[in-house]
Trainee: 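This is the structure I have questions about; it appears just below.
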Amino acid sequence: YKRYRVFLNVNSVKDSPTMFSRRVFELLACGTPVVSSYARGIVELLGDAVFISESEEDTRRHLEALLNGGEWARASLRGIRRVLGEHTYRRRLATVWETIGLRRAELAPPSIAVLVPLQTGQDCRPLAAAIRAQTQRPHEVVLLAPDGAPAPSPEWWRAQLPGIPVRATSTSGDPWQEVIGSSGAHAVAVMDPRDHYGPDYLRDHALALEYAPNDFVGKQSFRRREGQTRVVSVTPGSEFHPVRSVPAATLVVRRQAFTPEVLQAVRTGRIFSRPSDDILSIDAFNYVQNAHVAYGSAAPMESRMLALVEA
């Protein structure tokens, strides 16, 4: 299914609230957009994740948008999110258990702690706003700053992030023990105040941790701000492939793999590399490198421009 750019689906049963081919779920989970004839079950269960066609004109319009109109990448990601977030066997089994009165299965996604390596003179307001807007709430936020570096205090961060635990540590002593030893999260995400993170950033990484065995998840394909208003695509075509390196600020690492060496690498470098292709590179959306870096007299990018790279 993943080899197809688009899949055309035909339904023989139109009025059932649940009955349609299982392949529709499987195609969407593989990132293949589906154009389908009408079926009540598809509309009610999958909504805008499937393109419904009731005429030849509808089909041509959908295919044009997907193949030539720039809609394909967003449609692909929308299908992955819908199926992996709502329509897995684990979720169906949990519904059965709850219906017959058995203990409800744990359905919470992997919890993610956010690690913020701080530098002198950074404006942390955009990152605080991005963390606050995440559709998956962070388990906690851990601030990592060089000794004596002037930065917003933990109290400032707590005021910006109501209800989210905030801890602070320094790069002296044993920062790894402070970051990992005291955290109960399943994974750690590195987020950089210089960069932009869309609302579904953590959610998409958490879904990847659920369906993939990789200890490291990031974005080798992403957008980068260059100059005052220019945004370029970097390494397009790496989405949902194993890779050897990603920007450190896109990295999410399972707790058991977050070693002192990993912490040192993400704290001191913009690129995180591995000896082999064992990092899963996910979608290119919801991240813009250098979005909040000042270029001469240019202000950080406006929110309306950043919204163009979200999905």
Side-chain angles (χ1 to χ4, degrees), residues 1-7 21-34 42 45-50 72-97 104-114 134-139 185-190 197-222 237-247 250-258 262 272 274 276-287 310-311:
Y1 287 146
K2 191 173 177 63
R3 293 184 301 170
Y4 295 104
R5 190 69 174 170
V6 179
F7 193 93
S21 176
R22 186 180 61 201
R23 66 175 171 266
V24 177
F25 292 108
E26 295 169 346
L27 284 154
L28 295 176
C30 290
T32 300
V34 174
I42 290 179
L45 288 176
L46 295 170
D48 63 356
V50 174
W72 187 91
R74 282 184 167 84
S76 174
L77 180 57
R78 189 162 59 241
I80 291 171
R81 282 181 184 155
R82 188 66 51 82
V83 173
L84 297 181
E86 301 175 17
H87 299 294
T88 60
Y89 281 109
R90 188 170 68 133
R91 293 183 180 277
R92 290 291 187 272
L93 182 59
T95 300
V96 171
W97 284 3
R104 183 181 176 90
E106 178 56 56
L107 293 179
S111 58
I112 299 177
V114 172
Q134 291 299 303
T135 54
Q136 174 163 328
R137 184 187 184 87
H139 179 78
H186 294 102
V188 177
V190 181
Y197 298 87
D200 288 308
Y201 178 83
L202 290 180
R203 176 191 178 197
D204 289 336
H205 279 77
L207 285 177
L209 291 173
E210 285 196 283
Y211 69 72
N214 305 67
D215 287 331
F216 302 90
V217 179
K219 294 176 183 281
Q220 190 176 80
S221 297
F222 61 97
S238 296
E239 299 93 331
F240 302 103
H241 284 85
V243 299
R244 188 166 297 192
S245 64
V246 295
T250 70
L251 191 66
V252 173
V253 185
R254 294 187 196 272
R255 188 176 187 274
Q256 66 270 18
F258 201 97
V262 170
F272 176 80
R274 294 282 295 166
S276 60
D277 295 341
D278 62 357
I279 305 171
L280 175 63
S281 174
I282 59 172
D283 64 276
F285 292 103
N286 285 289
Y287 175 74
E310 296 174 4

Trainee: About how many Å separate CZ of Phe216 and CG of Leu280, when rounded to the nearest 0.5 Å?
Mentor: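 The CZ atom of Phe216 is 12.5 Å from CG of Leu280, to the nearest 0.5 Å.
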Trainee: Mind listing the closest non-hydrogen atom pair of Ala49 and Gly79 along with its distance?
Mentor: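 Minimum heavy-atom separation between Ala49 and Gly79: CB-CA, 4.3 Å.
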Trainee: Identify the heavy atoms of Ile112 and Val188 that sit nearest to each other, and give their distance.
Mentor: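 Closest heavy-atom pair between Ile112 and Val188: CG2-C, 4.3 Å.
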Trainee: What orientation do Tyr1 and Phe7 show, parallel under 30°, tilted 30 to 60°, or perpendicular over 60°?
Mentor: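 The arrangement is perpendicular - the two ring planes meet at more than 60°.
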Trainee: Check the orientation of Tyr201 and His205. Use parallel for under 30°, tilted for 30 to 60°, and perpendicular for over 60°.
Mentor: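 Tilted, since the angle between the ring planes falls between 30° and 60°.
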Trainee: Quick check: do Leu202 and Val114 have side-chain heavy atoms less than 4.5 Å from each other?
Mentor: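 When only atoms from C-beta onward are counted, Val114 and Leu202 do touch, with a gap below 4.5 Å.
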Trainee: Scan side-chain atoms only and decide if Gln220 and Ser238 contain a donor-acceptor pair under the 3.5 Å cut-off.
Mentor: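 Note: Gln220 and Ser238 side chains meet the donor-acceptor criterion.
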Trainee: Quick check: does any side chain N or O of Arg91 sit under 3.5 Å from a backbone N or O of Gly85, one acting as donor and the other as acceptor?
Mentor: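 It does hold such a pair.
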Trainee: Nearest 0.5 Å, please: how far is NE2 in His87 from CG in Leu45?
Mentor: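 Answer rounded to 0.5 Å: 5.5 Å.
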Trainee: Roughly how far, to the nearest 0.5 Å, is the CG atom of Leu77 from the CG atom of Leu28?
Mentor: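 It comes to 11.5 Å.
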Trainee: Roughly how far, to the nearest 0.5 Å, is the CG atom of Leu209 from the CZ atom of Arg254?
Mentor: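 Here the rounded value is 4.5 Å.
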Trainee: Applying the side-chain contact (heavy atoms from CB on, under 4.5 Å) test to Ile279, which of Lys219, Arg244, His241, Arg274 qualifies?
Mentor: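 Of Lys219, Arg244, His241, Arg274, side-chain contact (heavy atoms from CB on, under 4.5 Å) with Ile279 is met by Arg274 alone.
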Trainee: Measure the spacing between OH of Tyr211 and OG1 of Thr88 and express it to the nearest 0.5 Å.
Mentor: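 One gets 13.5 Å once the value is rounded to the nearest 0.5 Å.
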Trainee: If you take all heavy atoms of Ser111 and Ala185, which pair is closest and at what distance?
Mentor: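 Heavy-atom minimum between the residues: OG-CA, 3.4 Å.
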Trainee: Please check if the side chain of Ser76 supplies one atom and the backbone of Gly31 the other of a donor-acceptor pair under 3.5 Å.
Mentor: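 Yes, the answer is positive, given that a donor and an acceptor are paired below the 3.5 Å cut-off.
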Trainee: A side-chain contact here means heavy atoms from C-beta on lying under 4.5 Å apart; do Leu251 and Val246 qualify?
Mentor: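 They are in contact (side-chain heavy atoms under 4.5 Å apart), so the answer is yes.
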Trainee: Side chains of His186 and His139: closer than 4.5 Å at any heavy-atom pair?
Mentor: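 They are not in side-chain contact.
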Trainee: State, with a plain yes or no, whether a side-chain heavy atom of Tyr197 is found less than 4.5 Å away from one of Asn286.
Mentor: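 No, side chains not in contact.
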Trainee: Test your reading of the model: is there a side-chain donor-acceptor pair from Gln136 to the backbone of Pro199, 3.5 Å cut-off?
Mentor: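 Side chain of Gln136 to backbone of Pro199, a donor-acceptor pair under 3.5 Å: no, none is there.
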Trainee: Under the side-chain contact (heavy atoms from CB on, under 4.5 Å) criterion, do Asp204 and Phe285 qualify, and how do the steps go?
Mentor: CA-CA 10 Å; Asp204 289 336; Phe285 292 103; 5.9 Å; no
Trainee: Find out whether Thr250 and Phe272 are in side-chain contact, i.e. whether some heavy atom of one side chain is under 4.5 Å from a heavy atom of the other.
Mentor: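 A side-chain contact is absent here, since even the closest heavy-atom pair is not under 4.5 Å.
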Trainee: What's the separation between atom OG1 in Thr135 and atom CG in Asp200, rounded to the nearest 0.5 Å?
Mentor: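 The distance works out to 4.0 Å.
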Trainee: Write down the atom of Ser221, the atom of Ser281, and the distance for their closest heavy-atom approach.
Mentor: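 Answer, listing the atom of Ser221 first, then Ser281: N-OG, 3.9 Å.
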Trainee: For atom OH of Tyr4, decide whether the heavy atoms of other residues, nucleotides or ligands shown that lie under 6.0 angstrom number more than 12.
Mentor: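 No - once you tally the heavy atoms of other residues, nucleotides and ligands closer than 6.0 Å, there are 12 at most.
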Trainee: Is there a donor-acceptor contact under 3.5 Å from the side chain of Arg82 to the main chain of Val50?
Mentor: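 Between the backbone of Val50 and the side chain of Arg82 there is no qualifying donor-acceptor contact (under 3.5 Å).
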Trainee: Which heavy-atom pair separates Asp283 from Glu239 by the least distance, and what is that distance?
Mentor: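 Closest approach of Asp283 to Glu239, heavy atoms only: CA-CG, 4.0 Å.
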Trainee: Please indicate whether Arg92 has more than 12 foreign heavy atoms, meaning atoms of other residues, nucleotides or ligands, lying under 6.0 Å from its CZ.
Mentor: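 Yes.
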Trainee: Please answer whether the main-chain N or O of Ala208 pairs with a side-chain N or O of Glu210 as donor and acceptor at a distance below 3.5 Å.
Mentor: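 Not a single qualifying donor-acceptor pair exists.
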